[in-house]
Amino acid sequence: MARTRIGTTMLVVTAGALLSSPSSCAGGSGPSNPASAEPSAPEPGRRADQSVLGVADARECPVSVVQRASDAPVAEFTVHGLPGDTFSYRIEKVDGSVLTGTSGEFAPVQREAVFTTGVPNAEIRNVTISAHGRTGIAGTCRITSIS
């Protein structure tokens with residue numbers, strides 16, 4: 001299983017070989033995939049009429065797709081998807097500032113990414129996760145269990 005860990009300064013993708021490249025979650029983006037512009041067959045596991053996130057827009061993110069690390073003192077969450085999916089987050093802090101980040105497009109063997117934001121939970125007002133994929137309906141959901 002491939003895993004991407006996204007922190008405030010580094011993006012690491014593991015898929016048989018270790019690749020790393022600098023990235024900034026504050027407006028940065030992950031690796032790009034030029035081949036993603038070409039049409040491809042639907043990915044197994046999701047129909048075209050199913051939500052990438054598994055819920056209608058603006059609802060609580062399902063644990064099957066987005067898992068929050070409840071024991072972490074900072075906002076950290078894992079997103080699960082299929083190759084070709086892209087996830088992003090938007091954190092609205094209590095002081096009104098906003099922090100964003102993206103997973104980049106999931107690689108052919110990638111199934112999850114971990115966002116480590118560095119933002120203390122006490123400073124968070126709202127977290128929104130957005131997702132789109134090669135197959136399925138794009139959408140957004142919320143993480144409301146930040147404490």
Side-chain angles (χ1 to χ4, degrees), residues 1-72 74-93 97-119 121 124-147:
M1 177 184 298
R3 181 176 218 174
T4 301
R5 186 166 194 84
I6 302 166
T8 55
T9 59
M10 180 172 283
L11 168 68
V12 179
V13 177
T14 57
L18 182 65
L19 305 169
S20 68
S21 63
S23 174
S24 171
C25 286
S29 63
S32 64
N33 184 353
S36 67
E38 299 175 16
S40 61
E43 295 292 339
R46 184 186 309 126
R47 296 185 322 260
D49 64 343
Q50 290 179 308
S51 168
V52 175
L53 289 167
V55 295
D57 278 351
R59 296 207 177 165
E60 182 75 16
C61 296
V63 175
S64 61
V65 180
V66 181
Q67 296 170 336
R68 185 179 83 78
S70 59
D71 58 341
V74 297
E76 179 177 303
F77 33 91
T78 302
V79 292
H80 300 275
L82 298 173
D85 287 354
T86 301
F87 290 85
S88 59
Y89 68 85
R90 181 181 189 277
I91 296 175
E92 180 184 342
K93 296 172 65 175
S97 63
V98 173
L99 177 70
T100 62
T102 184
S103 67
E105 185 175 296
F106 276 23
V109 296
Q110 186 175 353
R111 298 291 187 269
E112 67 181 33
V114 178
F115 291 108
T116 303
T117 68
V119 179
N121 293 328
I124 296 174
R125 176 178 292 146
N126 187 30
V127 177
T128 304
I129 304 290
S130 300
H132 64 85
R134 289 186 199 141
T135 303
I137 301 167
T140 61
C141 63
R142 296 175 184 240
I143 299 175
T144 59
S145 59
I146 302 292
S147 56

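Scope of the values below: all heavy atoms of this structure, side chains included, with no hydrogens, waters or symmetry mates.
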ask   = Hey, what do you get for CG (L53) to OG (S130), rounding to the nearest 0.5 Å?
value = 7.5 Å
request  = Specify the closest pair of heavy atoms between A48 and I137, including all atoms of both residues, with the distance to one decimal.
outcome  = O-CG1, 3.7 Å
request  = Identify the two heavy atoms, one from A113 and one from S103, that lie closest to each other, and give their separation to 0.1 Å.
outcome  = CB-CB, 4.1 Å
ask   = What's the spacing between R111 CZ and D85 CG if we round to 0.5 Å?
value = 9.5 Å
ask   = Which heavy-atom pair separates V52 from G133 by the least distance, and what is that distance?
value = CG2-N, 3.7 Å
inquiry  = Looking at T135 and R46, would you say the former's side chain and the latter's main chain have a donor-acceptor pair under 3.5 Å?
reply    = no
remark   = dist S51:OG -> H132:NE2 (nearest 0.5 Å) comes out at 13.0 Å
request  = For T102 and F87, indicate whether the former's side chain and the latter's backbone hold a donor-acceptor pair under 3.5 Å.
outcome  = yes
key: Rounded distance [0.5 Å steps], OH in Y89 versus CD1 in I143   = 11.0 Å
key: Closest non-hydrogen atom pair between C141 and V55, with its separation   = CB-CG2, 4.0 Å
remark   = Minimal heavy-atom distance between A72 and N121, with the atoms involved, is O-ND2, 2.9 Å
ask   = Are the side chains of N126 and R142 in touch, meaning some heavy atoms are under 4.5 Å apart?
value = yes
E112 versus T78, side-chain donor and acceptor atoms under 3.5 Å = no
query = Are the side chains of L82 and F106 in touch, meaning some heavy atoms are under 4.5 Å apart?
reply = no
task = Might you point out which heavy atoms bring E105 and R134 nearest each other, and give the distance in Å?
result = OE2-NH2, 2.8 Å
query = Could you state the interatomic distance from NZ (K93) to OG1 (T117), rounded to the nearest 0.5 Å?
reply = 9.0 Å
message = Measuring from atom CG of L99 to atom CZ of R90, what distance do you get when rounded to the nearest 0.5 angstrom?
response = 10.5 Å
